[in-house]
J.: 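Structure incoming, see below.
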Amino acid sequence: MLQRRKSLVADALRSALSGAFGVDHEPTVEVPPQRRLGDLASPCALHLARELRQAPRRIAERLVEALDLPPGFDRVTVEGPGYVNFHLDRTGFAAAMLDAVPVAPSAGADQPDKVIVEHTNINPNKAAHIGHLRNAVLGDVLARALRSLGRTTEVQNYIDDTGVQVADVVVGFVDLRGCSVADIEALPEPFDYTCWDVYSEVGRWYGTDSARLELRRRTLHALESGRGRRAEAGRLVARRIVSRHLATMGRIDIDYDLLTRESEILRLDFFVAAFEQLRQSGAVRLEETGKNAGCWVMPLSESQEFQGLEDPDKVIVRSDGTVTYVGKDIAYQLWKFGLLGRDFEYEPFRDGPGPEGTPRAEPGRNGPGPDGPRRAEPAGDGPGREGTSRAEPGGDGAGPDERRGHGPGREEPGGEGPLWETAASSTGSGPKQAPAFGAGARVINVIDARQAYLQKIVRAGLEALGHTREAGESIHFAYEMVALSARTAEQLGFSGDAVLEMSGRKGIGVKADDLLDQLEAKSRAEIAARRGDGDTEGKADRDTELLARQIATAALRFFMARATTTRVIAFDIDEATAFEGETGPYLQYSIVRARNIRRRLAEEGLPHEVGGARAAQLPIEAWPDDLWDLVLLASGCQETVERAATTLELSLIARHAVNLAQKFHAIYHRHPILHEKNADLRNARLAATQIFVRSLEALAEILGVPLPERM
RNA sequence: GCGCCUGUAGCUCAGCAGGAUAGAGCGGCGGAUUCCUAAUCCGCAGGUCAGAGGUUCGAGUCCUCUCAGGCGCGCCA
């Protein structure tokens with residue numbers, strides 16, 4: 001809505017500038033700070049003051065005389081030092097807003113080109129922690145934003161099931177605890193919590209003992225070959241953990257289209273194909289002397305991106321013939337663009353072995369003790385990409401799917417499809433009608449900022465193969481890590497004078513499920529405090545439970561989404577579990593209030609819906625500045641979402657949503673609707689409320705903030 | 001050493017491609033509840049935008065340097 005008006009203003013200014021001054025200037029159009037100043041403004045007169053050797057205000061005044069007021073505007077004024085300010089026809093604009101879709105597919109987005117978003121990527125060897133939540137929320141919000149803008153979007157979650165981290169947990173079970181595969185299988189939930197402890201234990205157990213470290217190496221090789229009891233144990237661990245990760249992420253409405261497994265990349269020799277391309281194109285060469293003797297390396301010295309590196313070459317194949325992480329990643333990235341010349345096999349995701357759909361067993365039982373893994377463990381801990389999961393597709397039979405049927409406008413953005421995974425064996429499992437995965441036109445990898453270097457190398461690899469376009473479309477969505485605030489670290493029993501980095505290896509961190517449990521418990525208490533009266537058990541409990549989850553989801557998702565991606569989050573438990581102020585529950589509360597007004601109007605027998613035709617007849621007096629300001633802000637949703645999706649600064653969406661809610665809350669207190677006798681005033685306020693509700697619903701959908709009917 | 005990021009109110013952070021009086025939340029203080037649920041709203045206090053130069057009609061925003069903090073630069077992932 002607003003974008004169109006902006007371009008009308010720009011057009012009018014451009015032609016007036018050319019007519020009156022003979023200059024060719026692209027005017028900028030912005031929203032002035034106060035509504036009484038107007039709705040759109042251009043500082044172009046200020047910009048041109050120097051060039052035209054005239055006072056800005058004078059330029060502005062002449063400009064206004066020469067200007068044809070574009071349709072939809074009432075008047076144009078000169079303000080301040082020389083701004084040209086345009087005042088919208090409030091009545092007409094509001095009437096149009098009533099019929100407008102807040103966030104619609106972008107103009108030129110009929111392009112069927114697929115965007116692949118990879119996120120979560122948690123190592124399947126322990127419980128997810130809050131750092132992983134940041135990754136998953138950002139990835140999920142991005143995917144929702146892209147889909148709401150009409151882009152075909154495929155969400156992948158990469159599972160490194162053959163890496164060192166899984167090997168460590170296998171060693172922990174097999175060698176340290178003396179478990180058989182059956183023993184591991186028989187372990188109760190929460191299995192991911194158990195692994196959390198095992199992983200931390202085995203790290204200490206290794207110490208510098210070379211015999212023990214040899215066990216790790218042997219296990220790693222077993223995982224890579226896929227044969228033997230250790231490999232079997234590894235598959236079991238990975239499968240069970242992935243199920244847990246999917247369940248955790250499912251709690252906050254995050255899901256995926258495809259799980260890709262590293263074991264399949266190995267089994268299908270993706271790297272062999274990639275290596276052939278790299279070798280033939282001369283992108284890699286066999287080093288014969290020097291410290292990299294016997295390795296296939298990719299020279300990076302050409303690229304100025306890598307200037308100043310001590311070692312300008314990156315090893316792709318080690319001297320023992322094994323492939324490095326980057327090597328595998330280049331192969332995987334080639335597949336994502338459809339450049340590899342081979343494909344995975346797929347099957348619908350089956351939840352892990354063991355009791356299907358078993359409800360999670362009290363994840364919080366570990367108490368307040370130290371917990372929480374973290375994302376990329378730097379030293380020895382494979383800061384790799386870690387990943388996770390998705391909401392169980394077939395399991396968890398308990399309870400209805402809360403995500404549907406609650407809250408208007410909650411159609412799933414991508415049309416929640418089924419979850420697929422890469423098939424575990426070529427023997428296959430019958431009828432596969434998998435969608436065409438991969439072969440995207442753009443690939444966005446949500447990976448923490450510390451892996452920027454690796455991501456650059458992957459891009460350089462594509463470049464070296466001559467895939468310049470694809471290299472340009474390989475986008476690293478980098479975000480900073482989540483650390484523990486000094487206060488929270490102390491509460492958890494860690495010493496902390498400064499923010500404390502989480503470490504899965506050391507067992508320092510906050511587990512995702514523990515945080516969600518806390519949020520839900522606090523929500524329940526909050527709800528109980530408000531509904532003190534007679535509501536008895538039974539149904540009330542079910543409602544409360546659902547509401548508590550919705551509030552917890554909103555709080556967590558908003559907390560993660562509102563932070564600027566380039567900043568480290570110092571995770572503070574009190575701040576993260578706050579429900580007042582700039583929070584997810586604040587958004588929910590504003591919607592609940594707005595909806596309640598309309599509900600009450602209906603109960604009173606008053607009209608609770610204003611149509612565009614009626615709104616178009618309202619007098620200008622019905623739109624005071626503050627009420628009007630809400631409508632104007634709502635008209636900027638589309639632009640905000642587009643900018644967020646382009647710049648990958650998703651906090652823009654969160655902030656826009658909270659700004660809307662703040663404006664609404666203020667108006668709510670100043671401009672009563674139910675008790676307003678004047679029909680024009682009431683209708684204008686009601687129209688603004690309708691516009692607000694629809695706009696915030698659209699943004700909440702993108703943010704993944706569920707909107708309850710009551711709070 | 002080289003590279004990237006960050007430094008704005010007591011705390012956590014906004015500040016859109018230089019532009020109108022530097023904003024919000026939390027915390028503090030003081031108010032608002034016969035009136036659409038106070039998970040709300042209103043008011044007050046609180047800032048040499050790390051520091052120094054520079055560019056400009058105009059700098060929190062751009063450039064240079066300094067200081068402080070974080071991260072990265074493996075035959076680890």
Side-chain angles (χ1 to χ4, degrees), chain A residues 28 30-34 37 41 43 46-47 49-50 55-56 79-83 123 160 163-165 291-297 305-311 314-320 322 324-326 328-329 376-386 448-454 478 480-481 483 485 498-499 501 523 526-527 529-530 551 562-564 566-570 572 574-575 578-583 585-586 588-590 592-601 604 639-640 643 647 649 651-652 655 658-659 662 665-666 668-670 672-675 689 710-711:
Chain A
T28 62
E30 57 198 30
V31 176
Q34 289 169 35
L37 294 170
L46 284 75
H47 291 161
R50 193 167 153 75
E79 305 282 352
Y83 285 93
N123 275 318
D160 181 3
V164 184
Q165 295 215 13
K291 70 183 184 88
N292 291 335
C295 300
W296 286 87
V297 303
E305 262 194 314
F306 297 97
Q307 288 304 317
L309 285 184
E310 286 173 26
D311 184 353
K314 179 68 196 175
V315 172
I316 301 297
V317 179
R318 303 184 186 101
S319 52
D320 67 359
T322 58
T324 61
Y325 167 75
V326 206
K328 282 181 272 194
D329 225 30
E377 282 82 6
D381 199 16
R385 13 198 31 216
E386 323 208 51
D448 90 79
R450 286 177 293 192
Q451 295 189 63
Y453 171 67
L454 281 306
E480 273 294 347
M481 62 167 179
S485 74
V499 290
E501 189 172 356
S523 304
E526 212 49 56
I527 294 162
R530 261 152 249 271
I551 292 170
R562 75 167 180 178
T564 310
T566 52
R567 299 183 81 116
V568 174
I569 293 181
D572 187 274
D574 296 327
E575 199 191 324
F579 292 165
E580 295 98 36
E582 296 172 343
T583 65
Y586 180 90
Q588 295 177 312
Y589 190 56
S590 69
V592 166
R593 282 185 144 175
R595 286 175 178 165
N596 276 344
I597 295 171
R598 300 181 63 195
R599 184 172 54 80
R600 289 293 303 272
L601 282 169
E604 305 276 322
E639 186 178 3
T640 297
R643 199 147 57 90
T647 62
E649 188 47 86
S651 62
L652 293 172
R655 294 190 186 283
V658 87
N659 285 343
Q662 280 173 340
H665 268 137
Y668 175 89
H669 283 269
R670 269 197 299 266
I673 294 177
L674 204 51
H675 303 284
T689 302
R710 309 192 179 199
M711 283 177 80

J.: So, the side chain of Thr324(A) versus the backbone of Ile316(A): is there a donor-acceptor pair under 3.5 Å, distance only?
T.: yes

J.: May I ask you to say what Gln662(A) touches in the nucleic acid, namely base, sugar-phosphate or nothing, with a heavy-atom cut-off under 4.0 Å?
T.: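 Result for Gln662(A) = sugar-phosphate.
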
J.: Between rC49(B) and rG30(B), how many Å separate the two C1' atoms, rounded to a whole number?
T.: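 To the nearest whole Å, 29 Å.
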
J.: Can you tell which of rC71(B), rC75(B), rA24(B) lies closest to the side chain of Val315(A)?
T.: rC75(B)

J.: Over all strands shown, is Ala666(A) touching base, sugar-phosphate only, or nothing at heavy-atom distances under 4.0 angstrom?
T.: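 The residue Ala666(A) makes sugar-phosphate contact but no base contact.
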
J.: State, yes or no, whether a side-chain contact exists between Met711(A) and Phe579(A) at a heavy-atom distance under 4.5 Å.
T.: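 No, their side chains stay 4.5 Å or more apart.
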
J.: What is the pairing partner of rG43(B), taking Watson-Crick or G-U wobble pairs with both distances under 3.5 Å in any strand?
T.: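 Its partner is rC29(B).
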
J.: Sticking with atom P, work out how far rG46(B) lies from rC2(B), rounded to a whole angstrom.
T.: 44 Å

J.: With rounding to the closest Å, how many angstrom separate the P atoms on rA52(B) and rC67(B)?
T.: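 It comes out at 15 Å once rounded to the nearest Å.
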
J.: Would you classify Arg50(A) as touching base, sugar-phosphate or nothing, given that sugar-phosphate means primed atoms plus P, OP1 and OP2, and contacts are heavy atoms under 4.0 Å?
T.: sugar-phosphate

J.: Of the candidate nucleotides rU40(B), rC75(B), rC71(B), which contains the atom at the shortest distance from the side chain of Glu580(A)?
T.: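 When the side chain of Glu580(A) is considered, rU40(B) is the closest of rU40(B), rC75(B), rC71(B).
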
J.: Nearest heavy atom decides the nucleotide; on that basis, is Glu526(A) or Glu649(A) closer to the 5' end of RNA chain B?
T.: Glu649(A)

J.: Over how many whole Å does the gap from Ile569(A) atom CD1 to rU12(B) atom P extend?
T.: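 Those two atoms, CD1 and P, are 13 Å apart.
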
J.: Classify the side chain of Arg567(A) and the base of rC5(B) as holding, or not holding, a donor-acceptor pair under 3.5 Å.
T.: no

J.: Which sits closer to the 5' end of RNA chain B, Phe579(A) or Arg670(A), going by the nucleotide each is nearest to?
T.: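 Here Phe579(A) is the residue nearer the 5' end.
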
J.: Counting only Watson-Crick or G-U wobble pairs whose two distances fall under 3.5 Å, which nucleotide matches rU55(B)?
T.: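 Its partner is none (no Watson-Crick or G-U wobble pair with both distances under 3.5 Å).
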
J.: For rA24(B) versus rA9(B), give the span between their P atoms, rounded off to a whole number of Å.
T.: 15 Å

J.: Identify whether any heavy atom of Pro56(A) sits under 4.0 Å from a base atom; if not, whether one sits that close to sugar-phosphate; answer base, sugar-phosphate or nothing.
T.: nothing

J.: Going by atom types alone, do Tyr589(A) and His665(A) pair a side-chain donor with an acceptor below 3.5 Å?
T.: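 On atom types as modelled, these side chains do not qualify, holding no pair under 3.5 Å.
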
J.: Can you tell me the distance, in whole Å, between the CD atom of Glu575(A) and the P atom of rC13(B)?
T.: 7 Å

J.: Counting any heavy atom closer than 4.0 Å, what does Ala41(A) reach on the DNA or RNA strands: base, sugar-phosphate only, or nothing?
T.: base

J.: Between the base of rU40(B) and the side chain of His665(A), is there a donor-acceptor distance below 3.5 Å?
T.: no

J.: Measuring only the P atom in each nucleotide, how far is rC13(B) from rG58(B)? A whole number of Å is fine.
T.: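 rC13(B) and rG58(B) have their P atoms separated by 34 Å.
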
J.: Could you tell me whether Thr322(A) contacts a base, only the sugar-phosphate backbone, or nothing, with contacts defined as non-hydrogen atoms closer than 4.0 Å?
T.: nothing

J.: Counting only N and O atoms by type, is there a donor-acceptor contact under 3.5 Å from the side chain of Asp572(A) to the main-chain atoms of Glu575(A)?
T.: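 At least one qualifying donor-acceptor pair exists.
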
J.: Does any N or O donor sit under 3.5 Å from an N or O acceptor when you compare the side chain of Ser319(A) with the base of rC75(B)?
T.: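 Pair found.
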
J.: Any strand is fair game: report the nucleotide pairing with rC71(B) by Watson-Crick or G-U wobble, both distances under 3.5 Å, or none.
T.: rG3(B)

J.: Taking the C1' atom in each of rU21(B) and rC62(B), what is the distance between them to the nearest angstrom?
T.: 23 Å

J.: Name the nucleic acid region contacted by Leu652(A), choosing base, sugar-phosphate or nothing; use a 4.0 angstrom heavy-atom cut-off, strictly under.
T.: nothing

J.: Base, sugar-phosphate or nothing for Thr566(A)? Non-hydrogen atoms, less than 4.0 Å.
T.: sugar-phosphate

J.: Can you tell which of rU37(B), rC71(B), rA14(B) lies closest to the side chain of Met711(A)?
T.: rU37(B)

J.: Would you tell me if any nitrogen or oxygen in the side chain of Tyr586(A) comes within less than 4.0 Å of OP1 or OP2 on rC41(B)?
T.: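 The answer is yes; a side-chain N or O of Tyr586(A) sits under 4.0 Å from OP1 or OP2.
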
J.: Say you pick atom P in rU8(B) and the same atom in rG70(B); how far apart are they, in whole Å?
T.: 15 Å

J.: Do the side chain of Arg562(A) and the main chain of Glu582(A) share a donor and acceptor less than 3.5 angstrom apart?
T.: yes

J.: Counting neighbours of CZ on Arg599(A) that are heavy atoms of other residues, nucleotides or ligands and sit closer than 6.0 Å, is the number greater than 12?
T.: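 Enclosed.
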
J.: Quick test of your reading of the model: are Glu604(A) and Arg600(A) salt-bridged, counting only N-O distances below 4.0 Å?
T.: yes

J.: Reckon Leu454(A) touches a base, only the sugar-phosphate, or nothing at all at heavy-atom distances under 4.0 Å?
T.: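 Base contact - Leu454(A) has a heavy atom under 4.0 Å of at least one base atom.
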
J.: Taking atom P in both rU12(B) and rG3(B), what distance in whole Å separates the two?
T.: 30 Å

